[in-house]
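Notes to accompany the following structure.
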Number of protein chains: 2
Amino acid sequence: MAHVKVADELCTVSLPAALLGERWTLLLLRQAFLGTRRFEDFQTSMDISRSVLTERLGTLVEEGILRREAYKDVRTRYEYRLTEKGLDLYPVLMALRKWGDRWMAPEEGPSFGLHHRTCGGDVGVHVSCEGCGAELTARDVRVTPLRDARA
Amino acid sequence: MAHVKVADELCTVSLPAALLGERWTLLLLRQAFLGTRRFEDFQTSMDISRSVLTERLGTLVEEGILRREAYKDVRTRYEYRLTEKGLDLYPVLMALRKWGDRWMAPEEGPSFGLHHRTCGGDVGVHVSCEGCGAELTARDVRVTPLRDARA
DNA sequence: AGCTAGGGTTCGGAATCCGAACCCAAGGGG
DNA sequence: CCCCTTGGGTTCGGATTCCGAACCCTAGCT
């Protein structure tokens, strides 16, 4: 594997990476998956500045990952909820968590547990071959530049 | 699911998220998985400033995700290679790519293909139950705060 | 002796981030 | 009727971080 070069603007890893690799965005999504929906709750639970939070929520809405929706509490409030596109980021967060559990876990273990709602089993994340079903690591995968490869 | 609060410093999602959510880090890892190893190659392939690259490579080495190693070319050079801890981030990158393929792919499709080296099959990423094997979405998972939960 | 290449470091200016203060609309209380 | 509170923001000045460009150092090559 000799230093494959790809055009960033067209790479389906770098596009999401640029988005999620912005400060706070991943944390914000973690909160969203934990059920946080309101501006105030995001702000206090993550300890982010209000201006930056406004901005991040804004780009996530623009990107179609969150949806801003009015609803009636005692009066009109807004909530930010994951769209289908947003929910589809679940594997990314789970992969992150698996890695965190293994390599960065504090002594006391993870701060919350995740279990299959119906059978109680642990949640796993696996990279596998759609063809033969084998579990794959980076070494088992061949990378083929499809276009725009120069060196 | 009513807005679970967790201490950030102890959460195994936010710890890695803080690390990977730093600008450039995810892109750098993508390059690493594509086989890039040398300072110059990282710099030109990602178009990152040299000072920031030095810094990022430094923190990744500190974190034990990359290893800086001297080797003999025509003379002594250095390369940055993924450690076991680094290689273990593969599922994160794959999950990112799957999502990118589905939601941000340019017209022409992804810029490179990934296939199982031995059977040629597509690479998949799945969140599933370790107990019953069922494929899981966010909705199928119950979150249980294990400690430090306050509201 | 001078040139080149890899791998950095060191600037000063530009873009981001932050905390704190402010704004505004809609109830609620007195 | 007036003031207070709450959610959801916006605005501001100062502190960080980022960036590009220039510089440095070492070995080999010519």
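Quick note on labels: first sequence line is chain A, next is B, and so on, each numbered from 1.
Nearest-nucleotide mapping onto DNA chain C: of A:T76 and A:R23, the residue sitting toward the 5' end is A:R23.
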Return a table of donor-acceptor pairs under 3.5 angstrom between the side chains of residues 54-62 of chain B and protein atoms on other chains or two or more places apart.
residue : atom : partner : partner atom : Å
B:T54   : OG1  : B:R50   : O            : 2.8
B:R56   : NE   : B:R23   : O            : 2.8
B:T59   : OG1  : B:R56   : O            : 3.1

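Smallest separation of non-hydrogen atoms from B:S45 and B:Q31: OG-NE2, 3.2 Å.
Of the possible donor and acceptor atoms, none in the side chain of B:S14 sits under 3.5 Å from a partner among the backbone N and O of B:A17.
Between B:E40 and B:R38, none of the side-chain N atoms (NZ, or NE/NH1/NH2) sits under 4.0 Å from a carboxylate O, so this pair counts as no salt bridge. Ionic pairing of B:D41 and B:R37 is not present here: no N-O contact between side-chain nitrogen and carboxylate oxygen is shorter than 4.0 angstrom.
Atoms CZ (A:F42) and P (D:dG8) sit 11 Å apart, rounded to a whole Å. The CD atom of A:E22 sits 21 Å away from the P atom of D:dT16 (whole-angstrom rounding). Remark: P of D:dT17 and CG of B:L53 are 18 Å apart, rounded to the nearest angstrom. Atom CG of B:D47 and atom C1' of D:dC19 are 11 Å apart (whole Å).
Taking 4.0 angstrom as the limit, B:W24 places a side-chain polar atom (N or O) nearer than this to OP1 or OP2 of D:dC19. One finds a side-chain N or O of A:Y80 lying less than 4.0 angstrom from the OP1 or OP2 phosphate oxygen of D:dG9.
Within 4.0 Å (heavy atoms only), B:E55 reaches sugar-phosphate atoms of the nucleic acid but no base atom. Residue contacts for A:R50: at a heavy-atom cut-off of 4.0 Å it reaches a base atom on one of the strands shown.
Aromatic rings from A:Y90 and A:F33 are positioned such that their centres are separated by under 6.0 Å.
Protein chain A contacts DNA chain C from C:dC17 to C:dG27, reading 5' to 3' and using non-hydrogen atoms of the protein with a distance under 4.0 Å.
With distances taken from any side-chain atom of B:S51 to the nucleotides D:dC18, D:dC19, D:dG8, the minimum falls on D:dC19.
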